[in-house]
Protein chains: 2
Amino acid sequence: MHRQPNVHIHLGDCLPILQGMESGSVNLAYLDPPFFTQKVHRLAPRDRSREFSFDDLWSSQKEYATFLFERLSEIRRVVADDGSVFFHCDRNAVHLARAIMDDVFGSENFRSEIIWHYRRWSNSQRGLLPTHQTILYYTQSDNYTFNEIWTEYSPATNVDQILQRRSRDGSNKSVYARDEQGNAIPNGTKRGVPLSDVWDIPFLNPKAKERTGYPTQKPLLLLERIISLATNEGDCVLDPFCGSGTSLVAAQLLNRTAIGIDLSEDAVEITKQRLEEPIMSQSRLLDVGREAYRNADDNALAILQGVDYVPVQRNAGIDAILKQDFAGGPITVLVQRPGETLLEAARKLSKASASKGAKLMFLIAMSRGGCFDFAEELPTGVVVIESPALGIREHLDKLKRPDVLLEKASYLPPVKPESLFETL
Amino acid sequence: MHRQPNVHIHLGDCLPILQGMESGSVNLAYLDPPFFTQKVHRLAPRDRSREFSFDDLWSSQKEYATFLFERLSEIRRVVADDGSVFFHCDRNAVHLARAIMDDVFGSENFRSEIIWHYRRWSNSQRGLLPTHQTILYYTQSDNYTFNEIWTEYSPATNVDQILQRRSRDGSNKSVYARDEQGNAIPNGTKRGVPLSDVWDIPFLNPKAKERTGYPTQKPLLLLERIISLATNEGDCVLDPFCGSGTSLVAAQLLNRTAIGIDLSEDAVEITKQRLEEPIMSQSRLLDVGREAYRNADDNALAILQGVDYVPVQRNAGIDAILKQDFAGGPITVLVQRPGETLLEAARKLSKASASKGAKLMFLIAMSRGGCFDFAEELPTGVVVIESPALGIREHLDKLKRPDVLLEKASYLPPVKPESLFETL
DNA sequence: TACACCTCTGAATCTTCCA
DNA sequence: CTGGAAGATTCAGAGGTGT
């Protein structure tokens, strides 16, 4: 048994250790037990010098159910009256876990089925890519600790709706309240939308420094959210299958005390190290948000509708690549931006495409950009395509020319698109 | 019993009707059964001495479980060998549903736990806002129909790694492959990322036209996705608890046949009406596919960016009016829709514009529509402008011509947009 | 048939390079 | 020198393949 200021780590099966604990002494239990996946998890740590592994092969579902049932029953005893339990489930065991939890804690104490959603790699082509895990949230009683977390309004939300007070009219319809002068009544400050049960938190990235090399490691952010939802400072967090100790690190960072238990010596060792030197990887994605990566903005891409393309987001010189190849290389596309000449755009596209091996590039012209004579200077392989805006604008300009009679103008023959290829 | 061309609707309990159906006659079954949410299973937490058993869950809800089990067994019989079942679950019954489905179809035929995620407004303050529902996806066998759907890469993904082939170096590290000159080797066409099991589909807006007033109505988009994933055109879709018939409408729109069953006369009546309505107003969808049409409709105007226009709602022949006038009348704009020839679009535009006194109309061409020689027949005053999609597509076609040398093609001089106006 | 091993993939970080 | 953008790398799944 190792002792950190406010964190206790035990080595061994959690059942006897739980049995030795005082009733009601824990405010939050988080469990991520080994699952009945019939696979041995195996992963080399970052330095590739050691291997961790644990065996979660249970001879039958019944045996596994009993294993869980015994430990959960003890957990129920040690959790305080206003305490909570979060049970992290493999998708192959959710229903089993739910049934056992209903049995132990009572279905009336089931609060939420939390979906942890993340994006992930895979080359799976037949079937849907699994990108979520489930966390079952139960409380000991109706009177549980819950700290609200507010998130941002959806971009689609009508601001009026948020800012104006509402009332019911004669027929009990919800309407905006008005004062005597008919003005809207402000509704005070708004905190946002209450946290939902679907959590979008990035999966722990293979390159993250936060990684310990221990299998099934969870992101710190996930545990921080759980702990701050269900406990207050000074409360006690229990993790009976603590693995690499993410929950304990999170508890420590949030000024909670914590008790961790694990069967594996490696796990306990790693956890001790992490507690002394907690590393939370600096995630740019989390810092700046997913949106910050988008430089192929939707406006630009909307111009491309009707084309089969893949949007490209992390490259200033390329908005999209076509799904089709050409001469062994990709076909890249850029939409000219406001305030940028056609030639500038073409050079950007050409430069960015060079390293991608593209031999054909399409540039969508939004304006003439002060450069009518670009043909000679245009980088090799760049093909300019007009946007409708440009076509419309130029056509209108043409109609203003003194030598074009207005009456005749409305009878203009349509432009034959074939003329585009006259230069071929 | 009501009969539409390819949709049969039955009134009554589905069990006897299923029993009368032929084995293997259905390719996809979608169920959204009623849930008896009166929380019969309010089990008091037990003493810890007992063992957990699945029988407890079963017997506590015996009546309901039996109800489902009987019907699911029949469903298994009528589903074809390569068929699928999607079971839409109430969150209070997922585990029960999963257990029964495992029993009837076998856990080895469990494919996915689909999370339907939507945003929802609520001021609930204690606890997490439920914003998801679960759909269990099972197949009849290993050899099941599955049509891949591809989605966008994460914005944080960089293009290089998806465009370049990779190999292993001496120490088995993954690195980019290079040819003798040290250039990157392209890795073939890219389609995007396979569809994940978390689906972000907006909940039916309370004001949406789609809404029938029937409770628990699901968005069309959700059903369309399920049907297009698991069936091909002409296949048969079964919905034994069809309610307001969203699945049947979706099946019809996607050229599948469908069988719907419901206990309620109201439900059957509403379904009949909904089925007739889309046939009347959207017969075109049957030819061109719902997806293309919807996208075009939503985004039609996006293609006009860079132009000063006022969007026009609810006018089939006009998408926008330019802020600028011409010859004393407005200038109208229409974007050609998928499945519509250029000439059809031009006539629509011309007809709709006549009453507005427009003397100049712009038609944005998205395809050639089988009509290369439209110039003469084109209504007076209509000017055709090419969409970038069209320009790109035609350019690529040009490059495929036998008389165009590939080597030369990649060095094609850029098209001078001026050439567009040579016919003036 | 079962299983070990090799290949492919892409999210998100780390690293490098360039302006 | 510095900050940001582009490029390189890691590793967990899912397949495929060969024994």
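In this text the structure is predicted, and so the values were computed from the model without any measurement. Chain identifiers are assigned alphabetically (A, B, ...) following the order of the sequence lines, protein sequences preceding nucleic acid strands; residue numbering begins at 1 within each chain.
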Separation of C:dT13 atom C1' from B:D160 atom CG, nearest Å, is 15 Å
Considering every strand and a 4.0 Å limit on heavy-atom distances, what is the contact class for B:V175: base, sugar-phosphate, or nothing?
sugar-phosphate
Kindly write out the residues that satisfy side chain to side chain contact (heavy atoms under 4.5 Å, CB included) with A:N205, not counting sequence neighbours, or none if the list is empty.
A:K207, A:A208
To the nearest angstrom, how far is A:Q313 atom CD from D:dG7 atom C1'?
18 Å
Give the ring-plane orientation class for B:Y137 versus B:F86, where under 30° counts as parallel, over 60° as perpendicular and anything between as tilted.
parallel
Quick check on D:dA14: is either OP1 or OP2 less than 4.0 Å from any side-chain nitrogen or oxygen of B:R111?
no
Nearest-Å distance for atom pair CG/P, residues B:D197 and D:dA14:
11 Å
Would you indicate what B:R166 reaches in the nucleic acid, counting non-hydrogen atoms under 4.0 angstrom: base, sugar-phosphate, or nothing?
base
Atom CD of A:Q217 and atom P of C:dA12 are separated, to the nearest Å, by 16 Å
Residues passing the side chain to side chain contact (heavy atoms under 4.5 Å, CB included) test with A:K323, sequence neighbours excluded, are A:D308, A:V310
Contact nearer the 5' end of DNA chain C, comparing A:K351 with B:I162
B:I162
In whole angstrom, what separates A:R314's CZ from C:dC17's P?
16 Å
In whole Å, I'd like the distance from the CG atom of B:N158 to the C1' atom of C:dG10.
9 Å
Under 4.0 Å from OP1 or OP2 of C:dA12: is there any side-chain N or O of B:S154 that close?
yes
Got a sec, which residues hit side chain to side chain donor-acceptor pair (under 3.5 Å) with B:D82, two or more places apart in sequence or on another chain?
B:T145
Look at the side chain of B:Y176 and decide which nucleotide, out of D:dA14, D:dG13, D:dT9, has an atom nearest to it.
D:dT9
Look at A:R120 and D:dG13 and indicate whether a side-chain polar atom (N or O) is within less than 4.0 Å of OP1 or OP2.
yes
Roughly, in whole Å, what's the span from CZ in B:R191 to P in C:dC8?
14 Å
Residues forming a side chain to side chain contact (heavy atoms under 4.5 Å, CB included) with A:K356, sequence neighbours excluded:
A:N315, A:I318, A:P330, B:V159, B:D160, B:L163
The answer to which of A:W121 and A:R126 contacts DNA chain D further toward the 5' end, by nearest nucleotide, is A:W121
Listed nucleotide nearest any side-chain atom of B:Q164, set C:dT13, C:dT9, D:dA8:
D:dA8
Nearest to the A:N205 side chain among D:dG7, D:dA14, C:dA12, which nucleotide is it?
C:dA12
Tell me every residue that passes side chain to side chain donor-acceptor pair (under 3.5 Å) with B:T231, counting only those two or more places apart in sequence or in another chain.
B:R256
Using a cut-off of less than 4.0 Å, is there contact between a side-chain N or O of A:S355 and OP1 or OP2 of D:dA6?
no
salt_bridge(B:D142, A:R126) N-O dist < 4.0 Å:
no
State, to the nearest 10°, the angle formed by the axis through the first five base pairs of the helix from C:dA2-D:dT19 to C:dA19-D:dT2 and the axis through its last five.
20°
Say whether B:S154 and A:R119, considering side chains only, have a donor N or O and an acceptor N or O under 3.5 Å apart.
no
Out of C:dG10, D:dA14, D:dA8, whichever nucleotide has its closest atom nearest the side chain of B:Q161
C:dG10
If you only use heavy atoms from C-beta on, which nucleotide in C:dG10, C:dT13, D:dA14 is closest to the side chain of A:A208?
C:dT13
Just the rounded figure in Å: distance from P of D:dA14 to CG of A:L128.
12 Å
So, does A:K356 get its side chain near the phosphate of D:dG7, meaning an N or O under 4.0 Å from OP1 or OP2?
yes
A:P202 side chain, from C-beta outward: closest of D:dG7, C:dA12, D:dA14:
C:dA12
